[in-house]
**Q** 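What follows is a single structure, and I will ask about it in a moment.
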Amino acid sequence: MIMQSATRHMIADEAAIANLKASLRGSLILPDDEGYDAARRVYNGMIDKHPGAIARCVDVADVIAAVNFAREHQVTLAIRGGGHNGGGLGTCDGGLVIDLSPMKGTRVDPVARTVRAQGGCTWGDVDHATHAFGLATPSGIISTTGVGGLTLGGGLGHLTRARGLAIDNLLSVDMVLADGRFVTADADQHPDLFWAIRGGGGNFGVVTSFLFNLHPISTVYAGPMLWPIDRAEEVLRWYRDFITQAPDELNGFFAFLTVPPGPPFPEHLHAKKMCGVVWCYTGPLGQAEAVFAPIRRLFGGPALDFVGSLPHPALQGMFDALYPPGDQWYWRADFINELSDEAIARHVEHGARLPSMQSTMHLYPIDGAAGRVGRNDTAWSYRAAKWGEVIVGVDPDPANAERIKDWTIAYWEALHPYSAGGAYVNMMMDEGQERVQAAYRDNYDRLVQIKNKYDPGNLFHVNQNIRPTVS
Ligand SMILES: Cc1cc2nc3c(=O)[nH]c(=O)nc-3n(C[C@H](O)[C@H](O)[C@H](O)COP(=O)(O)OP(=O)(O)OC[C@H]3O[C@@H](n4cnc5c(N)ncnc54)[C@H](O)[C@@H]3O)c2cc1C
């Protein structure tokens with residue numbers, strides 16, 4: 001079998017493949033195997049890669065075997081957690097994919113208020129486990145996203161203002177390094193590595209399990225509140241001033257979106273472009289109505305108000321059906337320090353031109369608990385930014401790929417001059433080394449030093465890559 005990539009051209013012989021297969025307790029899926037096509041697919045339908053082999057790892061021993069194989073045979077190696085990455089960084093052409101999806105174990109310690117989640121968990125798996133104890137940890141906004149990629153890149157979501165990023169709640173990781181060693185990284189053991197993996201992505205090894213801090217969050221007062229798109233300028237100006245002054249327990253991300261043409265949405269709003277805020281209030285439930293009463297009086301009242309009490313996992317899964325796997329996705333992102341009236345005018349212009357039903361623009365708040373962590377305390381640099389902006393063109397039909405891409409790029413280019421410079425690595429496509437450095441700013445050099453120590457040969461390079469300077 002020939003495994004090749006742009007960077008490494010190597011032939012791994014049949015015997016080596018047979019050895020790898022024999023050393024795994026999980027399966028090794030090869031291009032001629034039944035199920036290969038399903039196994040190679042990732043969430044973004046725009047990504048169409050053909051790995052030479054997919055190692056479905058069931059335990060740490062499998063991961064060690066796969067890492068050693070890739071290093072010894074100089075084969076391109078990709079790590080797949082939930083497979084959601086926009087740029088398709090959970091797979092590769094020609095090389096070996098370590099697919100962690102069978103590793104879905106969770107263990108909640110309700111006394112210590114922690115959850116241990118294996119590297120193949122999605123957030124739905126974790127929320128399911130922790131909600132039984134009335135507990136939760138910050139993640140994102142869609143339950144099918146992988147814990148692995150989302151956490152290692154930072155983790156922005158409904159609980160950011162109240163409890164910080166996912167990495168701010170990470171206590172420890174177990175991981176397999178490029179040389180095949182298994183280590184635990186936390187505040188005391190390999191603290192340099194623990195600093196780097198909190199934002200530095202999959203650059204430093206394969207995380208086989210994550211240990212998170214949990215919070216007593218069970219029922220939240222949350223959901224979308226929408227206004228007509230022709231009120232967008234005033235809504236966005238109000239949102240800017242309001243959310244940055246709101247108490248931590250009130251999170252709300254701003255969105256341009258299109259109302260899906262079906263129940264439970266009222267018929268007169270079907271297929272209408274709207275603007276709005278998806279709220280998540282984690283303060284005392286008895287006070288929620290009072291918190292939202294003044295908001296509900298704004299702009300003549302919301303056109304759609306789905307905000308109410310619901311279990312935290314229901315909020316996390318609320319948009320899953322709108323975003324099934326296999327759609328075409330094109331992403332662009334930036335961090336935002338301030339939203340000027342001029343920037344708002346540009347947003348309104350481009351937001352009104354959403355090119356498809358699922359295309360959207362989100363502004364995720366980064367202040368509150370996430371903003372109180374120092375910019376050098378973890379690898380995640382933009383702690384003083386007020387928002388993570390993401391523009392995503394999404395459509396099920398590959399024939400519309402260019403259209404959604406053109407809209408995304410035009411929108412991003414119009415807003416980039418108003419941005420803080422860099423972007424959140426988890427919401428970028430393959431945008432080149434300059435953009436990776438811009439994401440980390442003065443943390444980049446320290447990341448390179450740690451990369452030099454733990455992965456000098458850049459075995460883990462299918463990611464937003466921190467390039468080692470030794471080899
Ligand atoms: C529908 C959707 C919603 C999203 N919502 C949010 C959101 O609310 N908040 C947010 O912050 N982000 C969000 N994202 C972005 C998301 O964080 C990234 O796409 C992330 O890369 C997904 O992680 P994954 O494990 O699913 O992806 P994968 O494609 O499996 O992996 C992505 C990257 O992470 C690395 N990686 C994954 N697992 C491991 C591991 N165990 N060890 C080492 N490296 C690993 C991979 O090497 C790869 O480089 C969303 C994405 C989608 C598609």
Side-chain angles (χ1 to χ4, degrees), residues 41-47 49 57 60 63 67 77-92 97-101 103 117-124 138-160 165-167 173-178 185 196-197 199-210 251 253 255 278 280 315-317 319-331 333 358 360 362 364 366 370 380 388 390 392 394 423-430 436 455 459-466:
R41 261 181 233 131
V42 289
Y43 182 82
N44 185 355
M46 237 180 231
I47 308 295
K49 298 206 168 160
C57 297
V60 174
V63 174
V67 166
L77 179 64
I79 311 160
R80 175 175 175 169
H84 262 219
N85 188 265
L89 295 173
T91 185
C92 57
V97 173
I98 291 184
D99 180 353
L100 298 167
S101 60
M103 295 177 64
Q118 281 190 310
C121 285
T122 63
W123 282 106
S139 56
I141 63 152
I142 300 267
S143 81
T144 54
T145 308
V147 169
L150 181 137
T151 302
L152 297 170
L156 281 172
H158 290 300
L159 302 179
T160 304
L165 303 178
I167 48 170
V173 290
D174 284 347
M175 59 195 290
V176 176
L177 303 177
I197 57 110
N203 270 282
F204 303 92
V206 185
V207 175
T208 52
S209 81
F210 297 82
N251 202 90
F253 72 84
V278 181
C280 177
L315 173 67
Q316 293 292 103
F319 304 111
D320 288 2
L322 284 177
Y323 293 108
D327 287 347
Q328 307 283 304
W329 283 70
Y330 193 82
W331 298 70
Q358 294 144 299
T360 189
H362 293 172
Y364 297 103
I366 300 175
W380 210 88
V390 65
V392 273
V394 189
Y424 174 35
V425 286
N426 274 354
M427 294 182 175
M428 285 161 52
M429 303 285 280
D430 183 2
V436 177
D455 184 19
L459 180 67
F460 303 113
H461 67 276
V462 182
N463 42 44
Q464 301 294 352
N465 197 222
I466 313 289

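We count ligands from 1, going down the list as the structure has it; atoms in each ligand are counted the same way.
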**Q** Taking N or O atoms only and a 3.5 Å limit, does Phe210 qualify as a polar contact for ligand 1?
**A**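 By distance alone, the answer is no.
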
**Q** For atom 48 (C) of ligand 1, state which one of Asn203, Ile142, Leu89 supplies the nearest heavy atom.
**A**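 Answer by nearest heavy atom: Leu89.
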
**Q** So Phe253 and Phe319, would you call those rings parallel, tilted or perpendicular, with 30° and 60° as cut-offs?
**A**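 The rings of Phe253 and Phe319 stand perpendicular, inter-plane angle above 60°.
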
**Q** Counting both backbone and side chain atoms, is some N or O of Thr145 under 3.5 Å from an N or O of ligand 1?
**A**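 Thr145 vs ligand 1: no N/O contact under 3.5 Å.
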
**Q** So, 4.0 Å and heavy atoms of Gly153: is ligand 1 close enough to count as a contact?
**A**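 So Gly153 does not count as touching ligand 1.
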
**Q** Does at least one non-hydrogen atom of Val462 fall below 4.0 angstrom from an atom of ligand 1?
**A**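 For ligand 1, residue contact (heavy atoms, under 4.0 Å) with Val462 is present.
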
**Q** For ligand 1, indicate whether the residue Phe204 contacts it via side chain, backbone, both or neither (heavy-atom separation under 4.0 Å).
**A**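 Within the 4.0 Å criterion, Phe204 makes no contact with ligand 1.
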
**Q** Can you list the atoms of ligand 1 that are under 4.0 Å from a heavy atom of Trp329?
**A**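 Checking each atom against Trp329, I get 1 (C).
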
**Q** Show which atoms of ligand 1 fall inside a sub-4.0 Å distance from at least one heavy-atom site of Val206.
**A**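 Every atom of ligand 1 under 4.0 Å from some heavy atom of Val206: 42 (N), 43 (C).
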
**Q** Would you say Met103 and Val63 make side-chain contact, with heavy atoms under 4.5 Å?
**A**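 A side-chain contact under 4.5 Å exists here.
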
**Q** Which residue from Leu150, Asn85, Leu152, Ile141 reaches closest to atom 19 (O) of ligand 1 through any of its heavy atoms?
**A**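 Shortest heavy-atom distance from atom 19 (O) of ligand 1: Asn85.
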
**Q** Please find the pair of heavy atoms, one from Met429 and one from Trp331, that lie closest to each other, and give the distance.
**A**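 Scanning both residues completely, I find the closest heavy atoms to be CG-O, 3.3 Å.
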
**Q** Has ligand 1 got any nitrogen or oxygen that is less than 3.5 angstrom from a nitrogen or oxygen of Val147?
**A**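 No - when backbone and side-chain N and O of Val147 are compared with those of ligand 1, no distance drops under 3.5 Å.
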
**Q** Quick one: does any side-chain atom of Trp329 pair with a main-chain N or O of Gly45 as donor and acceptor, under 3.5 Å?
**A**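 No: the side chain of Trp329 does not pair with the backbone of Gly45.
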
**Q** Verify the neighbour count for atom CG of Asp430: are there more than 12 heavy atoms of other residues, nucleotides or ligands below 6.0 Å?
**A**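 Atom CG in Asp430 is not crowded, with 12 or fewer foreign heavy atoms closer than 6.0 Å.
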
**Q** Who gets closest to atom 40 (C) of ligand 1 by heavy atom: Leu100, Asn426, Leu165?
**A**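 Closest candidate by heavy-atom distance is Leu100.
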
**Q** Would you check the N or O atoms of Tyr43, main chain and side chain alike, for any that come under 3.5 Å of an N or O of ligand 1?
**A**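 Among all N and O atoms of Tyr43, none is under 3.5 Å from an N or O of ligand 1.
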
**Q** For ligand 1, is there an N or O atom under 3.5 Å from any N or O atom of Gly202?
**A**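 No; the residue has no nitrogen or oxygen that sits under 3.5 Å from a nitrogen or oxygen of the ligand.
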
**Q** Working to the nearest 0.5 Å, report the span between SG of Cys121 and CG of Leu100.
**A**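 Nearest 0.5 Å value for the SG-CG distance: 10.0 Å.
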
**Q** Among Gly155, Gly149, Gly154, which one has a heavy atom closest to atom 20 (C) of ligand 1?
**A**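 Comparing heavy atoms across Gly155, Gly149, Gly154, the nearest one to atom 20 (C) of ligand 1 lies in Gly149.
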
**Q** Should Gly120 be listed as contacting ligand 1, given a heavy-atom distance under 4.0 Å as the test?
**A**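 Gly120 does not count as a contact of ligand 1 under the 4.0 Å cut-off.
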
**Q** To the nearest 0.1 Å, how far is atom 50 (C) of ligand 1 from its closest protein heavy atom, and which atom is that?
**A**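 Nearest protein contact, heavy atoms only, for atom 50 (C) of ligand 1 is Trp331 CH2, 3.8 Å.
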
**Q** Should you measure from each heavy atom of Tyr424, which atoms of ligand 1 turn up under 4.0 Å away?
**A**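 Within the 4.0 Å cut-off of Tyr424, ligand 1 contributes 10 (C), 11 (O), 12 (N).
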
**Q** If we only count N/O pairs under 3.5 Å, is Tyr364 in contact with ligand 1?
**A**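 In fact, backbone or side chain, Tyr364 has no N or O that close.
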
**Q** Using a strict 4.0 Å cut-off to heavy atoms of Gly90, name the atoms of ligand 1 that fall inside it.
**A**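 Selected atoms, number and element: 29 (O).
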
**Q** Heavy-atom distance under 4.5 Å between the side chains of Leu156 and Leu165, does that happen here?
**A**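 Yes, close enough: below the 4.5 Å cut-off.
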
